[in-house]
Amino acid sequence: MPELPEVEVTRRSIDEPLRGAQVLEVRLGKVLRWPLGVPAQRLQGRVVGPVQRRGKYLWLPLLGADGQADGGLLLHLGMSGSLALRQDAPPPGPHDHFDLLTTRGLLRLTDPRRFGAAVWSAALDRDPAARLLSTLGHEPFDPLLTDAVFHAALKRRRAAVKLVLLAGDVVVGAGNIYACEALHRAGIHPRRRADRIGPARAAALLAAVRDTLARAMEVGGSTLRDFRDAHGMSGAFQAETRVYGREDQDCPRCGGIVRRIVQAQRSTYYCAGCQT
DNA sequence: CGGGACGCCTGTGAGC
DNA sequence: TGCTCACAGGCGTCCC
């Protein structure tokens with residue numbers, strides 16, 4: 001599925017080509033997670049500004065004819081979504097639910113499972129965008145997220161560390177796959193209470209989250225290109241997981257057995273040998 | 001208020 | 001081979 005690296009790769013791929021593009025038409029398919037929230041016609045004539053990313057959300061600012069900021073679109077790819085910017089404009093397929101036709105091409109959101117979203121907001125810091133982004137934690141590569149800040153945040157949480165990572169209110173971007181992989185890299189058991197992780201191990205975990213995301217960012221392009229199967233793991237990424245999806249296989253680090261457990265109704269993979 | 005369950009949705013693949 | 005059905009999961013929402 002699109003994780004933070006894929007979303008960032010998407011952002012980079014559409015930012016430059018779309019900047020300054022004028023909206024010709026907005027076509028809506030089936031409703032995604034929420035309705036757009038504004039009549040599609042109202043977006044006509046707006047000009048796209050620099051595309052931003054916050055967590056796994058993309059923000060397409062729109063400028064009015066006078067060049068002043070005039071709202072924008074908050075996009076999310078959910079589980080199965082993908083964005084494509086194309087120069088042709090074939091009729092939308094059954095899974096194409098949002099078309100932004102512009103002078104620089106067609107931005108099309110395809111999302112079979114419709115966990116994604118395309119929502120209009122008056123500004124990034126106004127509702128509904130503000131409300132949706134308000135629960136997000138630090139960006140993983142935010143320099144303000146120091147080892148000490150991360151450790152202090154974990155100290156405040158009694159839940160299992162895997163769930164704290166998944167919740168995204170301490171640091172965003174560690175989805176199920178990356179949370180499992182980062183915990184393995186850091187040698188931390190996914191069920192360990194977050195507040196029982198010491199400063200050194202917290203620092204190791206933060207580094208592991210960053211390393212994992214950075215590595216995925218490197219191969220994110222290919223993950224995107226290959227994004228086809230239901231689990232979104234057909235890319236280079238799948239080949240690199242050390243525990244995720246590898247139940248009963250040998251741990252590449254210690255030779256222990258990779259286990260699968262369920263936490264909050266989600267699969268967690270970890271090595272029973274070297275994660276404590 | 002923290003923590004966890006639930007539900008949205010459909011392609012996939014295991015099992016019969 | 002064709003069908004059924006559990007499973008995958010981001011994340012807002014709801015309930016305890």
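Residue numbers begin at 1 in each chain, while the letters A, B, ... track the order of the sequences. No experiment lies behind these values; they were computed from the predicted model shown.
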Distance check needed: B/dG3 C1' versus A/Gln263 CD, whole Å only. 13 Å
Salt bridge or not between A/Arg19 and A/Asp15? Use side-chain N to carboxylate O under 4.0 Å. yes
Which nucleotide sits closest to the side chain of A/His95: B/dG3, B/dG11, C/dA8? B/dG11
Using the side-chain heavy atoms of A/Ala159, tell me which of these nucleotides is nearest: B/dT10, C/dG10, B/dG3. B/dG3
A/Ser80 vs B/dT10: side-chain N/O to OP1/OP2 distance below 4.0 Å: no
Value for CG (A/Leu62) from CG (A/Leu100), rounded to nearest 0.5 Å, stands at 7.5 Å
Is A/Arg114 close enough to C/dG10 that one of its side-chain N or O atoms is under 4.0 Å from OP1 or OP2 there? no
In whole angstroms, how far is the P atom of C/dG10 from the CG atom of A/Leu165? 12 Å
Check whether the side chains of A/Asp96 and A/Thr110 place a donor and an acceptor atom closer than 3.5 Å, and report yes or no. yes
Rounded to the Å, how far apart are A/Leu154 CG and B/dG2 P? 15 Å
Residues A/Arg53, A/Glu139: salt bridge by 4.0 Å N-O rule: yes
Residue A/Glu16 excluded, over 12 heavy atoms near CD under 6.0 Å: no
Closest to the side chain of A/Lys30, out of B/dG3, B/dT10, B/dC9, is B/dT10
Might you list the N or O atoms of the protein lying below 3.5 Å from N or O atoms in nucleotides 12-16 of chain C, with each pair's distance?
unit_1	atom_1	unit_2	atom_2	d
C/dG12	OP1	A/Tyr57	OH	2.4
C/dG12	O4'	A/Arg33	NH1	3.3

At 10 degrees resolution, what angle do the end axes of the helix from B/dG2-C/dC16 to B/dC16-C/dG2 form when each is taken over five base pairs? 50°
Does A/Arg42 make a cation-pi contact with A/Trp120, if we ask for NZ or CZ under 6.0 Å from the ring centre and within 45° of the axis? yes
Nearest-Å distance for atom pair CG/P, residues A/Asp111 and B/dC8: 16 Å
With a 6.0 Å cut-off on ring centres, are A/His189 and A/Tyr270 close enough? yes
Rounded distance (Å) that lies between atom C1' of C/dG10 and atom CG of A/Leu32: 14 Å
Which listed nucleotide (B/dG3, B/dC9, B/dC6) is nearest to the side chain of A/Gln265? B/dC6
Show me the side-chain donor-acceptor pairs of residues 255-265 of chain A shorter than 3.5 Å, one per line, residues at least two apart or across chains.
unit_1	atom_1	unit_2	atom_2	d
A/Arg260	NH1	A/Ser267	OG	2.6
A/Gln263	OE1	A/Thr268	OG1	2.7
A/Gln263	NE2	A/Pro190	O	3.3

Under 4.0 Å, heavy atoms only, any strand: does A/Leu163 hit a base, just the sugar-phosphate, or nothing? sugar-phosphate
Could you tell me whether the phosphate oxygens of B/dC8, OP1 or OP2, come under 4.0 Å of any side-chain nitrogen or oxygen in A/Arg113? no
Expressed in angstrom and rounded to an integer, what is the separation of A/Arg157 atom CZ from B/dG2 atom P? 7 Å
Between B/dG2 (C1') and A/Arg156 (CZ): distance, integer Å: 13 Å
For side-chain contact (heavy atoms from CB on, under 4.5 Å), just list the numbers for A/Met217 and A/Phe141, CA-CA rounded to whole Å, side-chain angles, deciding distance to a tenth of an Å, and then say yes or no. CA-CA 12 Å; A/Met217 209 90 81; A/Phe141 297 102; 4.0 Å; yes
Without decimals, in angstroms, what is the distance between A/Met79 CE and B/dG7 P? 18 Å
Heavy-atom count check: over 12 atoms from other residues, nucleotides or ligands less than 6.0 Å from A/Arg193 CZ? yes
